Each structure stands twice: as structure tokens, then as C-alpha cells.
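One-based numbering along the sequence shown. Small disclaimer: the values here were computed from a predicted structure and weren't measured.
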Amino acid sequence: MADGARTRALSPRGRILLFLSAALLGAALMLSAWQGYRYERLLHTVSALELEQRRWHERNKQAMSDLAGLGSPRRIDAAAAEQGLERMAPSSRLLVRFALPEPPPGAGEQP
């Protein structure tokens, strides 16, 4: 033996253990790479969904602002004037109130 180095042949059991260790290490590396790829893909998807959510939020705020403007008294008066409508005088308005009928006497009593 050169340089006093000792070489030792692996037993069949040792070879199997070495092969399994190498296979497990390779599988762990592959799974780690796959997990990293999935993480990046999901991160991209989440970013796209957040951007879409912000766009929808801005659209919603704009729609609410537009609706508030349409319901303003000035806008209603302007639309009424375009249609040739006029405000009704308070003295010509009719107010109708409805009241529940009175229950007959003794209707709420229990024997």
C-alpha cells in the first residue's frame, strides 16, 4: 500500500447505506428546489391578485363618488330643470298618515 494509506472495501450493507444516503440527499435537494419554484410562482400570483384588488378598490371608490354626485340636490335640480319640472310649493303638498286600527276591547286579555 502506497503512503501507508489504508483502503477498506465497503460491505454490501455499507454500499446500500451509502447509496440510500446519496439518494436521500439528492431527493432533498430536488424537493428544496421545487419548493423554491412553487414559492416564487405563488408569490407572483399573490402580487398579481393584490394589484387587481387595488384596481377594484379604486374603481369602487370612483363609483361611490359618482353615485354620491348623482344624488346631490344640485344634480337632481339640474336634471329636473332639463326635464321641464318645477319644485312643488309646500302649501300644495298633501300629507297622508296611516295609523294602525285600535284593537277591540278585551282582545289583549287572556282568560
Enumerate donor-acceptor pairs with a distance under 3.5 Å from any side-chain N or O in residues 66-76 to protein atoms, sequence neighbours excluded.
from: D66; atom 1: OD1; to: Q62; atom 2: NE2; distance (Å): 3.1
from: S72; atom 1: OG; to: G69; atom 2: O; distance (Å): 3.0
from: S72; atom 1: OG; to: R75; atom 2: N; distance (Å): 3.3

Legend entry - Connected via hydrophobic side-chain network under 4.5 Å: L94 and F98: yes
Between [atom1] on residue [X] and [atom2] on residue [Y], distance to nearest 0.5 Å:
| X | Y | atom1 | atom2 | answer |
| --- | --- | --- | --- | --- |
| L25 | L20 | CG | CG | 12.5 Å |
| T45 | E50 | OG1 | CD | 11.0 Å |
| E40 | L42 | CD | CG | 10.0 Å |
| L49 | H44 | CG | NE2 | 9.5 Å |
| D77 | L85 | CG | CG | 10.5 Å |

Legend entry - Crowding at CD, Q53 (>12 non-hydrogen neighbours, <6.0 Å): no
Inset, instruction - Decide yes or no for W34 and R38: does some side-chain heavy atom of the first lie under 4.5 Å from some side-chain heavy atom of the second? - result: yes
Inset, instruction - Indicate yes or no: does E52 engage R55 in a salt bridge with an N to O separation below 4.0 Å. - result: no
Legend entry - Which atom of L10 lies closest to which atom of R15, heavy atoms considered: O-NE, 3.6 Å
Legend entry - Pairs flagged by side chain to side chain donor-acceptor pair (under 3.5 Å) wherever residues 91-105 is involved - sequence neighbours left out: none
Inset, instruction - Would you confirm whether S21, through its side chain, and L17, through its main-chain N or O, come within 3.5 Å as a donor-acceptor pair? - result: yes
Inset, instruction - Answer yes or no: is there a donor N or O on one side and an acceptor on the other, between the side chain of S65 and the main chain of K61, under 3.5 Å? - result: no
